[in-house]
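A quick write-up on the structure given underneath.
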Amino acid sequence: MHIDIITCLPRLIESPFSDSILKRAQSKGLVKVNIIDLRQYTTSKHRTTDDYAFGGGAGMVMMIEPIDNCIRQLKAKRTYDEIIYTSPDGERFDQSMANALSLKENLILLCGHYKGVDERVRMHLITREISIGDYVLSGGELAAAVIADAVIRLIPGVLSDETSALSDSFQDNLIAPPVYTRPADYKGWEVPAVLLSGDQAKIEAWRHAESLERTEKRRPALLRKH
Ligand code: ADE
């Protein structure tokens, strides 16, 4: 998979890709993440990527020209499955969207900023808008990192134990069951006996029951999808 992330603040998004699972996924050649500084695509002397809104009002607006220049140059090199704009107004990101995106080959993530983007970018240059939740971040970089992380970890070979992504919370619209490690007894706080029984069928049944109970308690709406 190839992911191009377009941002006017590249430093804000570099670190999540320079460590741990996302770094390893890149060194194994399973994904290429390319962070692109939008300022390199402006023709203005001061390399600005935003301007005042026509009609007035508070807040700067991201200009269409640098974005168009950048996307045009990227599209000359490869065909993109999706050109995603991160914005609080977009479709709500969830696990099923992450699953679908993990099957794609080439993605662009355009990080929103300031008061928003010139509407013509939304009309003509992107294929979808994604929000990571009903709250407003100071920019789309963290949202792009969240989306890329959730997608990349699903690519086969990225996680060492291939089944572990499948047993994540939400993968079957259930919250994951509790997990424990040594010691079996910590200051009298004991691990459930079934987990020490060695009876794998019993353990799986217990885990499933715990998942159902947790989901019902914490996220009852998920159970309707289950
Ligand atoms: N940019 C600002 N807030 C955002 C959000 N909640 N999701 C995606 N992009 C954003």
Side-chain angles (χ1 to χ4, degrees), residues 1-19 21-22 31 33-42 48-54 57-68 70-71 74 80-104 106-155 168-171 173 175 218-219 221-222 225:
M1 177 184 279
H2 183 103
I3 305 179
D4 285 308
I5 303 180
I6 305 172
T7 169
C8 39
L9 295 168
R11 272 187 306 163
L12 249 188
I13 197 169
E14 273 156 15
S15 73
F17 300 99
S18 321
D19 240 306
I21 291 173
L22 299 188
V31 64
V33 178
N34 187 24
I35 296 170
I36 299 164
D37 185 353
L38 187 59
R39 287 175 210 279
Q40 291 179 347
Y41 294 85
T42 152
T48 48
T49 54
D50 60 319
D51 209 336
Y52 295 100
F54 279 130
M60 304 296 275
V61 176
M62 287 176 78
M63 299 160 79
I64 187 168
E65 193 192 22
I67 297 173
D68 185 32
C70 179
I71 291 178
L74 292 174
Y80 288 92
D81 300 289
E82 297 280 10
I83 302 177
I84 297 162
Y85 171 58
T86 56
S87 130
D89 317 341
E91 304 165 72
R92 177 83 75 83
F93 189 60
D94 63 10
Q95 191 63 46
S96 69
M97 220 186 269
N99 291 344
L101 289 174
S102 75
L103 303 173
K104 308 290 185 194
N106 297 311
L107 299 174
I108 290 178
L109 289 166
L110 168 65
C111 303
H113 241 277
Y114 312 107
K115 198 68 198 161
V117 75
D118 187 307
E119 189 63 21
R120 291 166 292 185
V121 170
R122 291 168 129 157
M123 289 162 66
H124 303 293
L125 301 182
I126 62 162
T127 60
R128 69 199 287 184
E129 291 184 40
I130 297 181
S131 162
I132 61 160
D134 289 342
Y135 40 81
V136 180
L137 303 165
S138 12
E141 282 76 13
L142 297 180
V146 165
I147 295 166
D149 181 304
V151 168
I152 291 169
R153 66 194 296 286
L154 295 171
I155 298 171
D168 283 343
S169 279
F170 303 113
Q171 211 43 276
N173 289 312
I175 288 177
R218 299 180 187 194
R219 302 287 301 277
L222 281 179
K225 292 199 221 163

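One-based numbering along the sequence shown. We count ligands from 1, going down the list as the structure has it; atoms in each ligand are counted the same way. Keep in mind that what you see is a predicted model, and the values were worked out from it rather than measured. Computed over heavy atoms, backbone and side chain alike; hydrogens, waters and symmetry mates excluded.
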Inset, instruction - Compare all side-chain heavy atoms of D168 with those of R153 and state whether any distance is below 4.5 angstrom. - result: yes
Legend entry - 4.5 Å side-chain heavy-atom contact, I132 and L137: yes
Legend entry - Heavy-atom pair of closest approach, residues I35 and P10: CG2-CB, 3.9 Å
Inset, instruction - Take I6 and L74 through the side-chain contact (heavy atoms from CB on, under 4.5 Å) test and state the conclusion after the steps. - result: CA-CA 10 Å; I6 305 172; L74 292 174; 4.0 Å; yes
Inset, instruction - Pick one of side chain, backbone, both or neither for how D134 approaches ligand 1, counting any non-hydrogen atom pair under 4.0 Å. - result: neither
Return the residue, atom name and 0.1 Å-rounded distance of the protein heavy atom closest to [atom].
{"atom": "atom 9 (N) of ligand 1", "result": "S87 N, 3.2 Å"}
{"atom": "atom 3 (N) of ligand 1", "result": "L137 N, 3.0 Å"}
{"atom": "atom 7 (N) of ligand 1", "result": "I132 N, 3.0 Å"}
{"atom": "atom 6 (N) of ligand 1", "result": "Y135 O, 2.8 Å"}
{"atom": "atom 8 (C) of ligand 1", "result": "A143 CB, 3.3 Å"}

Legend entry - Element-labelled atoms of ligand 1 that are located less than 4.0 Å from some non-hydrogen atom of V136: 3 (N)
Legend entry - Atom indices of ligand 1, in the order listed, that fall short of 4.0 Å to a heavy atom of I130: 8 (C)
Inset, instruction - Without swapping roles, check the side chain of D81 against the backbone of N106 for a donor-acceptor pair under 3.5 Å. - result: yes
Inset, instruction - Would you tell me which option among G112, A144, P88 has the nearest heavy-atom contact to atom 1 (N) of ligand 1? - result: P88
Inset, instruction - Look only at interatomic distance and state if G133 has a nitrogen or oxygen under 3.5 Å from any nitrogen or oxygen of ligand 1. - result: yes
Inset, instruction - Using a strict 4.0 Å threshold on nitrogen-to-oxygen distance, state whether R122 and E119 make a salt bridge. - result: yes
Legend entry - More than 12 heavy atoms from other groups under 6.0 Å of CZ on R128: yes
